[in-house]
There are 2 protein chains.
Amino acid sequence: MKVSTADPAPATRLPAALADGVFPAGCPSRTLLDHITSKWGVLILLALSEGGQRWSELRRRAEGVSEKMLAQTLKTLERDGLVSRKAQPVIPPRVDYSLTERGYELSALLVPLVAWAFENADDIINGPRTD
Amino acid sequence: MKVSTADPAPATRLPAALADGVFPAGCPSRTLLDHITSKWGVLILLALSEGGQRWSELRRRAEGVSEKMLAQTLKTLERDGLVSRKAQPVIPPRVDYSLTERGYELSALLVPLVAWAFENADDIINGPRTD
DNA sequence: TAAGGTACTGGCATGAAAGTTAGTACCGCC
DNA sequence: GGCGGTACTAACTTTCATGCCAGTACCTTA
């Protein structure tokens, strides 16, 4: 089945692995995508793309995140090997989070996306449209 | 407040508009990001990045999507000016969906992300990890 | 005539995601 | 001595996204 017939040449191509261009339902990439494109996942990865940060700073930067969600998201990202957690056994607890190498790889792709969203959001959401 | 002190130089930078690197809660980019990083939003944008397609083909390619969710997601993306809908008033209904110029802009950023996820997913989710 | 395909819409139900609140352990500050 | 800060976890509740099913309108094929 031929899919692209006479369309504006897509400079970017889907992974060839997709037989017939179908995104399989059980595919692990679905899960991973869910993690990294989750509401708070994106923001946390973005925040960390600027360098290691502490719990409380992440809370401040991802405005509106609850402690629960921050903990949960960080745990998921850590399990996925995107974020590394370094806890120092000092008396007021101090934990630093940072991106792993893999995390940086990802954030390099994520940052332009968010930057684009940031630039276009106002136009699109509040838009020139009046309806 | 200095954020990045001695971290692996991030080649990619966040939009400078972010004061203090804080992602504001009420920001329209949050909404837009929610739309494009939604479970089905990503897949539909990706599918369409290969060219215009019909309703039934999108259903097949975004495996597991329900008709309701497909309709809803397409409507949101259309309202955001990312997808355009062309309905032909023929007798068995025929509707073609495609990306707008803005949609293509976005998909150019989205495709590498998904490709990366696709490549790394197996490793990360089912992983070399045994626990 | 009945089934099936196309492109939907709407209602009800449910389950997962998210928010809220409270608790922990230890310390410094006033 | 009590409050606040740090970095969480756990229980409870609410909200919402999603799923499932049924219906529509018209045509084609069997």
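Side chains are part of it too, since the values below use all heavy atoms of this structure and drop only hydrogens, waters and symmetry mates.
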Q.
Can you measure A:Asp96 atom CG to D:dT6 atom C1' for me and round it to whole angstrom units?
A. 12 Å
Q) What residues in residues 82-90 of chain A put a non-hydrogen atom under 4.0 Å from any atom of DNA chain D? A) A:Arg85
Q: Can you sort out the partners of A:Glu101 under salt bridge (Lys or Arg N to Asp or Glu O under 4.0 Å), two or more places apart, ordered by chain and number?
A: none
Q: For B:Arg60 and A:Val22, indicate whether the former's side chain and the latter's backbone hold a donor-acceptor pair under 3.5 Å.
A: no
Q | Donor-acceptor pair, side chain of B:Gln53 and main chain of B:Ala47, under 3.5 angstrom | A | yes
Would you mind writing out the side-chain donor-acceptor pairs for residues 38-45 of chain A within the sub-3.5 Å range, not counting sequence neighbours?
unit_1  : atom_1 : unit_2  : atom_2 : d
A:Ser38 : OG     : A:His35 : O      : 3.0
A:Ser38 : OG     : A:Gly41 : N      : 3.0

Q: Can you check each nucleotide of nucleotides 19-30 of chain D against protein heavy atoms at under 4.0 Å and return B for base, S for sugar-phosphate only, - for none, in 5' to 3' order?
A: BB------S---
Q.
Side-chain N or O of B:Lys75 versus OP1/OP2 of C:dC8: is the shortest distance under 4.0 Å?
A. no
Q: May I have all residue pairs that pass salt bridge (Lys or Arg N to Asp or Glu O under 4.0 Å) and include part of residues 85-96 of chain A, sequence neighbours excluded?
A: A:Arg94-A:Asp96
(Q) Between P on C:dT9 and CZ on B:Arg59, what's the gap in Å once rounded to a whole number? (A) 14 Å
Q: Compare every heavy atom of A:Leu33 with every heavy atom of B:Ala117, then report the nearest pair and how far apart it is.
A: CB-CD1, 3.5 Å
Q. Atom CD of A:Gln72 to atom P of D:dA10: distance rounded to whole Å?
A. 12 Å
Q: Could you tell me the separation between the NE2 atom of A:His35 and the P atom of C:dA16, rounded to a whole number of Å?
A: 14 Å
(Q) Test salt bridge (charged side-chain N to carboxylate O under 4.0 Å, His left out) on A:Asp80 and A:Lys75; report intermediate values, then the result. (A) CA-CA 9 Å; A:Asp80 289 349; A:Lys75 227 178 260 176; over 6 Å; no
Q.
Measuring to OP1 and OP2 of D:dG5, would you say a side-chain N or O of A:Ser56 lies under 4.0 angstrom away?
A. no
Side-chain atoms of residues 23-32 of chain A: list all donor-acceptor pairs with protein atoms under 3.5 Å, sequence neighbours left out, distances to 0.1 Å.
unit_1  : atom_1 : unit_2  : atom_2 : d
A:Arg30 : NH1    : B:Glu63 : O      : 3.2
A:Arg30 : NH2    : A:Phe23 : O      : 2.8
A:Arg30 : NH2    : B:Glu63 : O      : 2.8

**Q.** Separation of atom CZ in A:Arg54 from atom C1' in D:dA7, rounded to whole Å
**A.** 9 Å
Q: Grab the CG-C1' distance between A:Leu74 and D:dT9 for me, whole Å please.
A: 14 Å
(Q) Can you measure A:Arg94 atom CZ to C:dC26 atom C1' for me and round it to whole angstrom units? (A) 17 Å
**Q.** Spacing of CG belonging to A:Leu106 relative to CG belonging to A:Leu48, to within rounding of 0.5 Å
**A.** 11.0 Å
Q: Quickly work out the B:Glu57 CD to C:dC8 C1' distance and round it to whole Å.
A: 18 Å
